Amino acid sequence: MTTARRKSYGVKGAPYAFLLPATILFALFFALPIGYALWLSLHKVQVKGLGLGSGARKEVWAGLENYKDALSDSELLSGAVRVVGYGAIVIPVMLGLALLFALMLDTDKVRLAPFTRLAIFLPYAIPGVVAALLWGFLYLPDVSPFYFVLDKLGMPQPNLLDGGPLYLALSNIAVWGGTGFNMIVIYTSLQAIPAEVYEAAKLDGATPLQIALKIKIPMVAPSLVLTFFFSIIATLQVFSEPTTLKPLTNSVSTTWSPLMKVYQDAFGKSDIYSAAAEAAIIAVVTLVLSFGFLRAANSRNKQEEAR
């Protein structure tokens, strides 16, 4: 082989050499675990007699039996309904506040913009478990300073960890932690809009409110779609907040959310086969909803461009 050919093969193979480490890591820590989980979901343990002794427990093929059991499991379905209610509160409030803060920071009259951006974003940097513990402390009537102030003022002290208010308590944690991230995404898109667009609108007599409603929001629509996409995934995978608040109240069961049900079956009941099937169902639902929303958003954008 000539030197020229060796150099040619070296140049052509360089991209694959750079991709190889990432491909290996992807296969080891992402593809293989997913494949193993799918394999587990299609099996179950067959117990003979009392399940004692060697050979009493045997792993056998179950087919779609675990999936059928999961889809008919009332606890999993109830958890899904609770998550839908939770998401109906979290997503509109969080994205609404993120958009509002981004628009406010994008104005010329805002003061201390760098500090304000950092203050709004900072809660996102706090781990979810720590945030849930912090808010759990503030929710407890016996230790919360807010309840102490309400008591001194003679005002009613609502129990935020019981019944309907529990949804508001959990949603507040998610909104407090996620608004900053979404705000940064939207604010970055606003900064990318050319200044000439605003100048032309001002020359036409547009007010700041009209500029925000008719120029800024339509032009950051792709960012809103992206943040909504991320919010759907995060909502369907809620786990840390209810799990952390569970020791503080009896209103949060071990199967409050679908992921908590998966955790309980896998580590509480030691049934990794049913847990794997439930996890696969959650992943498929998340995938379908996410890509369905993206496809609907893309179709709408194409229709608007055609007009």
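Treat the numbers as computed from the prediction; the structure is a model and nothing was measured.
Looking at Asp73 and Lys261, a side-chain N of the basic residue comes within less than 4.0 Å of a carboxylate O on the acidic one, giving a salt bridge.
In this structure, Phe239 places its CZ atom where more than 12 heavy-atom neighbours from other residues, nucleotides or ligands lie under 6.0 Å away. For Asn250, the CG atom sits in a loose shell: 12 or fewer heavy atoms of surrounding residues, nucleotides or ligands are nearer than 6.0 Å.
Tyr273 and Asp69 form no side-chain donor-acceptor contact under 3.5 Å, judged by distance and modelled atom types alone. There is a side-chain donor-acceptor pair under 3.5 Å between Ser251 and Asp162.
Of the possible polar contacts, none joining the Ser257 side chain to the Gly79 backbone as a donor-acceptor pair under 3.5 Å is found. Side chain of Asn66 to backbone of His43: a donor-acceptor contact under 3.5 angstrom is found. Between the side chain of Thr207 and the backbone N or O of Gln210 there is at least one donor-acceptor pair closer than 3.5 Å. With hydrogens and angles ignored, the 3.5 Å screen pairs no side-chain donor or acceptor of Tyr86 with any backbone N or O of Tyr167. Judged by distance alone, the side chain of Ser41 and the main-chain N or O of Leu38 form a donor-acceptor pair under 3.5 Å. A side-chain donor-acceptor contact under 3.5 Å links Thr107 to the backbone of Met104.
Side-chain atoms of Leu140 and Trp135, non-hydrogen and from C-beta on, never get closer than 4.5 Å to each other. The closest side-chain heavy-atom distance from Gln237 to Leu259 is below 4.5 Å. With contacts defined as side-chain heavy-atom distances shorter than 4.5 Å, the pair Pro123/Thr179 does not qualify. A heavy-atom distance below 4.5 Å is not found between the side chains of Asn172 and Val93. Put simply, the side chain of Phe137 does not reach to within 4.5 Å of the side chain of Ser144, judged on heavy atoms. A heavy-atom distance below 4.5 Å is found between the side chains of Trp256 and Leu166. Side chains of Leu160 and Tyr147 form a contact here, defined as non-hydrogen atoms less than 4.5 Å apart.
Atom-to-atom distance recorded for Asn182:CG and Ile120:CD1 is 12.0 Å, nearest 0.5 angstrom. In this structure, the separation between CG on Leu289 and CZ on Phe229 is 10.5 Å, given to the nearest 0.5 Å. If you take CZ on Arg117 and OH on Tyr187, they are separated by 4.0 Å, rounding to the nearest 0.5 Å. Annotation: the span from Gln264 atom CD to Thr254 atom OG1 amounts to 4.0 Å, rounded to 0.5 Å. To the nearest 0.5 Å, the span separating CD1 on Ile211 from CG on Asp204 amounts to 9.5 Å. To the nearest 0.5 Å, the span separating CG on Leu248 from CG on Leu161 amounts to 6.5 Å.
A single hydrophobic cluster is not seen to contain both Leu103 and Met94; linkage of ILVMFWY side chains at heavy-atom distances under 4.5 Å, directly or through other members, places them apart. A continuous path of Ile, Leu, Val, Met, Phe, Trp and Tyr side chains, each step under 4.5 Å between heavy atoms, connects Leu25 with Leu20, placing both in one hydrophobic cluster.
None of Tyr124, Phe101, Phe121 except one satisfies the ring-ring contact (aromatic ring centres under 6.0 Å, His included) rule with Phe181; the exception is Tyr124. Of the residues listed (Ile186, Val197, Leu190), the one engaging Lys216 in a side-chain contact (heavy atoms from CB on, under 4.5 Å) is Leu190, and it is the only one.
Taking the six-membered ring wherever Trp is involved, the centroid distance between the rings of Phe228 and Phe293 falls below 6.0 Å.
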Determine, stepwise, if the pair Tyr198 / Leu203 fulfils side chain to side chain contact (heavy atoms under 4.5 Å, CB included). CA-CA 9 Å; Tyr198 300 146; Leu203 291 175; over 6 Å; no

Give the C-alpha distance, both sets of side-chain angles, the deciding distance and a yes or no for side chain to side chain contact (heavy atoms under 4.5 Å, CB included) between Val45 and Lys58. CA-CA 5 Å; Val45 171; Lys58 184 180 180 181; over 6 Å; no

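Closest approach of Ala279 to Val262, counting heavy atoms only: N-CG2, 4.0 Å.
Residues passing the side chain to side chain contact (heavy atoms under 4.5 Å, CB included) test with Thr286 are Ile233, Leu236, Ile282, Ser290, sequence neighbours excluded.
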